Amino acid sequence: PTLPDGYYGLGLLALSVQQYDMARGMLEHAVKLAPRAAAYHNALGRMHKAEHRLEDAERCYLRALELDPGLTAARVSLGLLYRETRRPHDAVEAHREALARDPRFLEAHVNLVNALRDARDPTLVKAVYESLIERHPAVAELHYFYATLLREADREEAARERFEIAARLD
């Protein structure tokens, strides 16, 4: 290919079949040809993470977000990396930011719940979900996932109320 999108596409394909050497070469070339393409940096970060080169992956995700703060996929990737490196509060923040930008991003919801479980901080659960619900009160998924965490904390009445709200919105 002669266009960066061609290298990017081939890199993603190679990454999907775990051909990491080829993926790295294609994605690095795409980034070289289009250094301001945030999605390319994010994909290169995913490739580094797959190879357990976590510092390189983090650097790529942060560069992607520097180029495009609205790239929700990069925030989710960064949150997953933080969770893997046992930084639950950083993971919570990355997924919270992803959901603040795209409140229906299902993967971000699941990852936020897991990061909050890792953080083991009920006050943080409440603060995170209440701030998201304040921003996006009509998003059923926010109420549903908050209810799930409330139930796990043995707050059955509050959980039931949230499940009811989610059902009405759905």
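Quick caveat: nothing in here was measured; it's all calculated off a predicted structure.
We find the OG-NE2 distance between Ser77 and His48 to be 13.0 Å, quoted to the nearest 0.5 Å. Note that CZ of Phe145 and CG of Leu116 are 12.0 Å apart. Values are rounded to the nearest 0.5 Å.
Gly11 and Ala23 make their closest contact through O-CB, 3.6 Å (heavy atoms, listed as atom of the first residue, atom of the second, distance). Residues Pro88 and Ala115 share a closest heavy-atom pair of CB-O, 4.0 Å. When all heavy atoms of Leu142 and His136 are compared, the closest pair comes out as CD1-O, 3.6 Å. Closest of all the heavy-atom pairs between Leu71 and Leu65 is O-CD2, 3.6 Å.
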Side-chain donor-acceptor distances from residues 30-43 under 3.5 Å, at least two apart:
| residue | atom | partner | partner atom | Å |
| --- | --- | --- | --- | --- |
| Tyr40 | OH | Asp5 | N | 3.3 |
| Tyr40 | OH | Asp5 | OD1 | 2.2 |
| His41 | NE2 | Pro35 | O | 2.9 |

Report, one line per pair, each donor and acceptor closer than 3.5 Å where one atom sits in a side chain of residues 126-134; sequence neighbours left out.
| residue | atom | partner | partner atom | Å |
| --- | --- | --- | --- | --- |
| Glu130 | OE2 | Tyr146 | OH | 3.3 |
| Ser131 | OG | Ala127 | O | 3.3 |
| Ser131 | OG | Val128 | O | 2.9 |

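Residues Arg162 and Ile165 meet the side-chain proximity criterion, which asks for heavy atoms closer than 4.5 Å.
Enclosure of atom CD in Glu156 by more than 12 non-hydrogen atoms of other residues, nucleotides or ligands within 6.0 angstrom is indicated. Within a 6.0 Å sphere centred on CZ of Arg135, heavy atoms belonging to other residues, nucleotides or ligands number 12 at most.
For residues 7-30, the salt bridge (Lys or Arg N to Asp or Glu O under 4.0 Å) pairs, not counting sequence neighbours, are Asp21-Arg24, Arg24-Glu51. Screening residues 108-117 for side chain to side chain donor-acceptor pair (under 3.5 Å) gives Asn114-Arg117, Arg117-Glu152 as the qualifying pairs, with residues at least two apart or on separate chains. For residues 68-93, every residue pair satisfying the salt bridge (Lys or Arg N to Asp or Glu O under 4.0 Å) rule, not counting sequence neighbours, is listed here: Lys49-Glu84, Glu58-Arg87, Arg75-Glu97, Arg83-Asp118, Arg87-Asp90, Glu93-Arg96. Screening residues 58-85 for ring-ring contact (aromatic ring centres under 6.0 Å, His included), with sequence neighbours left out, gives no hits.
One hydrophobic cluster, built from ILVMFWY side chains closer than 4.5 Å, cannot hold both Leu10 and Val17; they sit in different ones. Residues Met26 and Leu12 do not share a hydrophobic cluster, clusters being chains of Ile/Leu/Val/Met/Phe/Trp/Tyr side chains in contact below 4.5 Å. Tracing side-chain contacts under 4.5 Å through hydrophobic residues (I, L, V, M, F, W, Y), one reaches Val110 starting from Leu150; they form part of the same cluster. Linking Ile, Leu, Val, Met, Phe, Trp and Tyr whenever their side-chain heavy atoms come within less than 4.5 Å puts Leu62 and Leu54 in one cluster. Hydrophobic clustering (ILVMFWY, side-chain heavy atoms < 4.5 Å, transitive): Met47 and Tyr7 are in distinct clusters.
In this view, Phe163 and Tyr144 satisfy the ring pair (Phe, Tyr, Trp, His ring centres under 6.0 Å) rule, not counting sequence neighbours. Qualifying side-chain contact (heavy atoms from CB on, under 4.5 Å) partners for Ala167, counting only residues two or more places apart in sequence or in other chains: none. The side-chain contact (heavy atoms from CB on, under 4.5 Å) check on Arg104 picks up Asp102, Val139, Glu141, with sequence neighbours excluded. When the salt bridge (charged side-chain N to carboxylate O under 4.0 Å, His left out) test is applied to Asp170, no partner is found at least two apart in sequence or on another chain. Under the side-chain contact (heavy atoms from CB on, under 4.5 Å) criterion, Ala50 pairs with Leu15, Tyr20, not counting sequence neighbours. Here Glu66 pairs with Arg63 under the side-chain contact (heavy atoms from CB on, under 4.5 Å) rule; sequence neighbours left out.
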Practice prompt. Carefully, step by step, assess Thr72 and Glu107 under the rule side chain to side chain contact (heavy atoms under 4.5 Å, CB included).
Written response: CA-CA 11 Å; Thr72 308; Glu107 184 181 355; over 6 Å; no
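A distance-only check finds no donor-acceptor pair linking the side chain of His143 to the backbone of Ala138 [under 3.5 Å].
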